[in-house]
Amino acid sequence: MKLTAVVALSLTAGAAFAQAIPEAQVRRRAEGLLAKMTPEEKIGQLSQMFYGIIPGMKISDDIIRQGKIGSFLMITDPVLANRLQHVAVDESRLHIPLLYGFDVIHGFHTIFPVPLAMAASWDRELIERVQGLAAREASAVGVRWTFAPMVDIARDPRWGRIVEGAGEDPYLGSKVAAAQVRGFQGPYDGAADHVLACVKHFAGYGAADGGRDYDSSWVPEDRMWNVYLPPFHAAVEAGSASLMPAYMDLNGIPATANTFLLREVLRKAWKFQGFVVSDAFSVRDLQTHGFAATPEDAAFRAFTAGVDMDMGSMTYSKQLPALLQSGKISKTELDAAVLRLLEAKIRLGLFEHPYVDVSRVATVFDMASTREAAREAGARVAVLLRNEGNVLPLAKSIQRVAVIGPLGNTDDLLGSWTLANAHEHAVTVVDGIREKLGSNARVEAAPGVQIARRYPSFFDMLLGAKPEPKWDAERVKAEFSRAVDLARNSDAVVLALGEKQQMSGEAASRSSIDLPGEQEQLLEAVAAVGKPTVLVLINGRPLNLTGAAAHVPAIVEAWYPGVEGGNSIADVLFGDANPGGKLPVTFPRSTGQIPIYYAHNLTHQPDTSAGFTSRYWDEPSSPLYPFGYGLSYTQFAFSNLRVSAPSVARGGKITVSVDVENTGQRAGDEVVQLYIHQRSGSASRPVRELKGFERVPLAAGQKRTIEFALGAEERRYWNSAKHGWVEDASKFDVWAGGDSTASPHTTFDVSE
Ligand code: BGC
């Protein structure tokens with residue numbers, strides 16, 4: 001039966017329900033459908049396949065026609081999406097539409113700054129807005145489900161996927177997670193131009209041994225609840241429609257079959273109502289882990305732990321029929337999982353609006369306001385790490401600018417996870433500066449050195465990207481001298497150093513956080529020329545900048561700023577944007593300091609000599625740049641830190657206020673940060689913990705009072721001796737200021 005002739009005509013892309021469908025109706029419709037389904041059709045809804053991206057993989061339409069597949073990932077061509085959707089809707093027995101998923105991580109067509117950078121904006125409104133724009137572009141081609149946000153806490157910058165998250169802190173991470181979910185999903189599941197979110201990777205992935213991707217994580221109970229789980233909880237509370245368990249094993253049990261995570265925490269403690277999709281092939285890989293004995297055992301253990309959908313491995317489609325028949329899995333369990341998937345499709349409006357209007361895609365992609373948002377975001381994420389002698393901002397009257405370094409004129413500004421738009425060019429640093437200065441200035445580039453991964457990137461392989469041919473010894477020398485000569489003949493030097501885009505991301509861990517290749521030598525040689533020099537970092541993880549900070553007066557952490565990156569960077573360098581970003585993660589002095597994070601416990605009387613020398617005798621114990629740190633072209637002063645009451649009973653709330661003033665000559669943003677410390681109690685608590693923040697725009701001379709509420713929610717923590725949440729009676733320290741070392745201080749007491 002051809003159902004869709006009428007439907008197709010009446011549809012425009014983005015068509016959706018004007019408001020959420022009542023939940024009772026969703027349930028009724030899903031149950032009605034379920035009652036008609038065969039076991040094979042039910043299992044089909046729990047199966048998701050990659051389409052197109054895996055070389056040589058052919059998928060016949062029959063699998064759709066027979067109702068053996070519920071979802072595809074990686075389809076970004078709207079014509080293909082519509083064609084396959086027609087097969088599902090017109091030709092399958094029950095006309096159940098397909099759900100298309102994709103990794104919309106930091107943009108779809110328009111690439112925005114990478115997630116770690118977005119977290120550096122400390123700007124919830126911006127994060128929500130940007131993910132909303134990404135959702136609009138993705139949904140225009142038929143993608144209605146993103147595998148994001150990634151909310152894994154990462155305290156080891158060797159781990160490549162640190163770039164995909166919000167850094168080291170559970171409080172910041174929770175706020176960023178919730179903002180992303182709101183941005184992707186909009187006011188309700190199924191809102192026009194939005195997509196379903198999938199919070200990932202549950203949980204502890206960022207604690208991988210040695211920072212090696214996919215390696216085991218060993219996370220003690222209290223750290224799990226206090227550090228790794230809160231951003232997931234925040235995403236669930238914000239309504240994330242789905243969740244993805246991580247690849248690795250957590251405390252010896254693979255996350256994909258981890259009943260503690262999926263049953264105890266997710267369903268029981270958090271009452272999660274959405275559906276759970278495995279990570280790619282990880283149901284199958286339960287055998288690789290030495291956990292499941294056979295594919296059947298793998299399907300059984302993932303399914304019974306709570307994984308509703310199998311991504312990529314088709315283990316469910318092969319194994320669940322027999323498991324059902326033998327009674328090892330009950331019809332009730334199967335139905336519950338299928339119902340969750342059907343409900344998601346109903347809420348999304350896929351039954352009413354299964355197709356996209358292909359003619360609308362170009363219009364959505366070409367929206368100037370989206371490009372403008374990308375440029376604005378690129379500037380708002382920049383963190384000014386150093387500005388000795390106010391080298392920055394540079395004057396626009398400058399005549400000769402040398403842009404030196406392997407990242408000065410490349411598309412690497414996009415960052416990883418740009419699969420929908422991998423061949424788009426970014427505005428490079430050179431382009432951005434040329435555009436800013438116009439034809440009167442001479443802006444020239446020289447890479448100076450070549451950098452490359454030792455092992456090829458898995459994404460480059462997927463995309464068929466060819467590595468740049470390796471320079472021979474003669475060229476190595478010539479390029480280096482050309483770069484230094486160019487610096488000599490310039491009025492100012494912009495060093496664009498860091499990491500190529502595939503040096504950070506999935507399967508992109510490193511054993512060291514030093515600047516790759518000969519970049520440090522290049523930096524020293526260029527700095528020695530003595531011109532005003534600014535280092536612009538293009539990267540997705542904390543790098544060792546100890547050498548750089550000793551040689552160059554100004555450093556801007558630009559991260560991977562996205563497709564408008566060169567313009568955003570030029571806006572910052574020439575003062576059209578005043579940097580206001582702050583580090584969402586500590587920058588160590590060297591690889592050897594890892595792990596280092598601000599919210600550590602104080603476990604020994606610190607010696608009074610500089611740098612707490614009993615920690616290391618060869619290196620200070622402090623990091624190079626602390627969490628929350630970032631400078632501005634103006635200055636801020638904090639005063640009048642006060643609490644609404646000197647003491648509060650357990651469970652009670654107090655208000656903390658602080659005045660912040662722009663004491664400089666130009667407008668700028670300060671991120672006001674609130675930290676607390678519990679002095680005594682039933683466990684040792686971190687020396688400081690972030691418990692509030694706000695990015696505050698201030699005109700020159702303007703002063704504002706910022707208030708934060710501090711309640712039991714902010715003071716409670718998980719106690720491993722008690723296996724539960726506690727709120728201790730104690731004296732608390734409070735600090736407020738512009739980073740995690742802020743000095744304005746006061747106290748309050750929590751009484752019994
Ligand atoms: C990654 C996930 C991603 C999935 C689908 C996996 O390799 O770990 O983060 O969502 O692939 O692309």
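Every number for a ligand or one of its atoms is a count from 1 in the order of the listing. Each residue takes its place number in the sequence, starting with 1.
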Side chains of [X] and [Y], donor plus acceptor under 3.5 Å:
| X | Y | value |
| --- | --- | --- |
| D249 | S216 | yes |
| R223 | Y228 | no |
| H86 | Y355 | yes |

Put together the list of close N/O pairs, under 3.5 Å, between ligand 1 and the protein, could you?
| unit_1 | atom_1 | unit_2 | atom_2 | d |
| --- | --- | --- | --- | --- |
| ligand 1 | 7 (O) | Y247 | OH | 2.7 |
| ligand 1 | 7 (O) | E506 | OE1 | 3.0 |
| ligand 1 | 7 (O) | E506 | OE2 | 2.8 |
| ligand 1 | 8 (O) | R161 | NH1 | 2.7 |
| ligand 1 | 8 (O) | D279 | OD1 | 3.4 |
| ligand 1 | 8 (O) | D279 | OD2 | 2.6 |
| ligand 1 | 9 (O) | R161 | NH2 | 2.9 |
| ligand 1 | 9 (O) | K200 | NZ | 2.8 |
| ligand 1 | 9 (O) | H201 | NE2 | 2.7 |
| ligand 1 | 10 (O) | D103 | OD1 | 2.6 |
| ligand 1 | 10 (O) | K200 | NZ | 3.1 |
| ligand 1 | 12 (O) | D103 | OD2 | 2.5 |

* Quick one: which residue pairs count as a salt bridge (Lys or Arg N to Asp or Glu O under 4.0 Å) with a foot in residues 452-464, not counting sequence neighbours? =>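 Not a single pair qualifies under salt bridge (Lys or Arg N to Asp or Glu O under 4.0 Å).
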Residue pairs meeting salt bridge (Lys or Arg N to Asp or Glu O under 4.0 Å), one or both in residues 210-219, sequence neighbours left out, come to R212-D215
Hits for side-chain contact (heavy atoms from CB on, under 4.5 Å) against A166, two or more places apart or cross-chain, chain-then-number order -> A119, V176
